[in-house]
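A quick write-up on the structure given underneath.
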Amino acid sequence: MGNNHWLVKSEPFKYSWEKFLKDKKTFWDGVRNYQARNNLRTMQKGDQVFFYHSNEGLEIVGIAEVVKEAYQDPTIDDERWVAVDLKPVTTLKAPVSLAQIKAEKRLQDLGLIRQGRLSVSPVTAKEWEVILELSEQNATESKSAPKAAPAFSKVAKKTSAVSKAKQETTKSANSKVKAK
DNA sequence: GCCAACGTTGGC
DNA sequence: GCCAACGTTGGC
């Protein structure tokens with residue numbers, strides 16, 4: 001079982017996190033870049049993967065997990081390219097924006113920053129933690145901005161025990177804020 | 001829509 | 001194997 005971390009990008013128009021949640025599983029195909037391909041090949045079952053919305057959104061919205069390691073990309077008749085299978089694990093309580101990542105000193109070496117065009121990049125354990133931390137921070141701060149609650153919560157169930165407790169706390173501490 | 005940053009291609 | 005030209009991606 002893998003214990004590595006990654007980040008994949010998708011244009012929401014093409015394939016959004018929301019769609020991914022509905023699908024419950026997808027094959028990550030269409031990668032036509034050697035470096036990205038090599039990363040796909042390195043992925044192991046169980047690896048955790050940030051899901052980033054490029055072009056529109058520009059933020060990390062959720063976490064996926066590798067459920068099937070690299071195999072021949074079914075969408076092309078060319079042995080060079082591979083796909084992996086991913087399933088959604090959880091929607092981040094609050095997305096982490098590119099701007100935020102850029103502003104975070106500890107994330108300056110993140111693949112997303114260093115090589116913006118790469119669609120599949122590695123994330124170190126430390127970077128992973130920092131990003132989760134930022135998400136937590138966003139979730140906490142957004143109590144004054146009631147747009148934080150994501151519309152798609154199906155898969156977020158897994159973490160809902162935790163997040164619910166937090167939301168309750170937030171709510172009672174801030175009962176003036178109405179859920180929209 | 002523009003442009004920077006890369007990647008790829010092909011001539012030599 | 002170098003490098004110019006071109007194509008693509010993606011942030012702004």
Side-chain angles (χ1 to χ4, degrees), chain A residues 4-23 25-44 47-66 68-139 141-142 145 147-148 150-152:
Chain A
N4 292 317
H5 302 99
W6 308 93
L7 181 146
V8 297
K9 300 199 292 193
S10 182
E11 303 183 26
F13 287 131
K14 198 180 150 214
Y15 194 80
S16 69
W17 176 251
E18 195 171 7
K19 176 80 171 18
F20 187 31
L21 288 181
K22 276 183 199 148
D23 290 351
K25 178 182 168 176
T26 193
F27 51 88
W28 207 257
D29 65 315
V31 170
R32 300 291 180 265
N33 168 288
Y34 288 109
Q35 212 177 334
R37 190 275 314 267
N38 292 342
N39 288 332
L40 281 185
R41 276 188 177 163
T42 312
M43 284 186 185
Q44 292 181 300
D47 282 357
Q48 302 285 105
V49 184
F50 279 134
F51 192 108
Y52 173 81
H53 274 162
S54 63
N55 266 319
E56 187 86 357
L58 307 187
E59 56 194 13
I60 296 171
V61 289
I63 297 173
E65 181 182 323
V66 178
K68 187 176 178 191
E69 296 175 11
Y71 56 95
Q72 160 81 47
D73 187 338
T75 65
I76 191 174
D77 185 25
D78 185 332
E79 290 181 347
R80 290 178 300 170
W81 308 116
V82 300
V84 299
D85 285 356
L86 299 179
K87 72 164 187 204
V89 174
T90 188
T91 301
L92 290 184
K93 268 173 272 173
V96 177
S97 71
L98 179 63
Q100 220 180 341
I101 291 168
K102 281 187 168 169
E104 171 56 57
K105 288 176 214 84
R106 290 171 293 172
L107 294 176
Q108 291 314 295
D109 279 337
L110 190 66
L112 183 68
I113 302 297
R114 283 206 352 252
Q115 232 182 320
R117 295 180 49 208
L118 197 57
S119 58
V120 182
S121 55
V123 176
T124 67
K126 202 173 270 178
E127 289 163 345
W128 184 268
E129 289 306 319
V130 172
I131 290 167
L132 289 182
E133 198 182 295
L134 290 180
S135 176
E136 285 290 337
Q137 222 170 284
N138 288 346
E141 280 165 11
S142 65
K147 79 171 229 180
F152 24 92

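Sequence neighbours left out, not one pair with a member in residues 87-124 of chain A passes ring pair (Phe, Tyr, Trp, His ring centres under 6.0 Å). Within the structure, the ring pair (Phe, Tyr, Trp, His ring centres under 6.0 Å) test picks out the following pairs touching residues 81-105 of chain A (sequence neighbours left out): A/Tyr34-A/Trp81.
With hydrogens and angles ignored, the 3.5 Å screen pairs no side-chain donor or acceptor of A/Asn4 with any backbone N or O of A/Met43. Not one N or O on the side chain of A/Thr26 forms a donor-acceptor pair closer than 3.5 Å with the backbone of A/Phe20. Using a distance-only test at 3.5 Å, with no hydrogens or angles considered, no donor-acceptor pair links the side chain of A/Asp109 to the main chain of A/Arg114. Judged purely by atom type and a 3.5 angstrom limit, A/Gln48 has no side-chain atom pairing as donor or acceptor with the backbone of A/Trp6. With hydrogens and angles disregarded, no donor-acceptor distance shorter than 3.5 Å links the side chain of A/Arg41 to the backbone of A/Val82.
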inquiry  = side chain to side chain contact (heavy atoms under 4.5 Å, CB included), that's the test. Do A/Lys126 and A/Arg106 meet it? Break it down for me.
reply    = CA-CA 9 Å; A/Lys126 202 173 270 178; A/Arg106 290 171 293 172; over 6 Å; no

Name every donor-acceptor pair, under 3.5 Å, that has one atom in a side chain of residues 49-62 of chain A and the other anywhere in the protein, sequence neighbours excluded.
unit_1  : atom_1 : unit_2  : atom_2 : d
A/His53 : NE2    : A/Trp17 : N      : 3.0
A/Asn55 : ND2    : A/Glu11 : OE1    : 3.2
A/Asn55 : ND2    : A/Glu11 : OE2    : 3.3

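Taking atom CD of residue A/Gln100 and atom C1' of nucleotide C/dG11, one finds them 17 Å apart after rounding to whole Å. Atom CG in A/Leu112 sits about 10 Å away from atom P in C/dC12, given to the nearest Å. In this structure, CG of A/Leu58 is placed 16 Å from P of C/dT9, rounded to the nearest angstrom. Protein atom CD1 of A/Ile113 is 11 Å distant from nucleotide atom C1' of C/dG11, rounded to whole Å.
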key: Sequence-aligned protein contact record of nucleotides 2-7 of chain B, with B where the base is within under 4.0 Å of a protein heavy atom and S where only the sugar-phosphate is   = ---BBS

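Rounded to 10 degrees, the angle separating the terminal helix axes of the helix from B/dG1-C/dC12 to B/dC12-C/dG1, each built from five base pairs, is 10°.
Considering only heavy atoms from C-beta on, A/Glu69 comes within 4.5 Å of A/Gln44 through its side chain.
For the segment residues 71-81 of chain A, the set of residues with a heavy atom within less than 4.0 Å of an atom of DNA chain C is empty.
In terms of heavy-atom proximity, A/Ser119 sits nearest to A/Val31 at OG-CG2, 4.2 Å.
Neither OP1 nor OP2 of C/dT9 sits under 4.0 Å from any side-chain N or O of A/Lys14. The phosphate of C/dG11 has OP1 or OP2 within less than 4.0 Å of a side-chain N or O from A/Tyr52.
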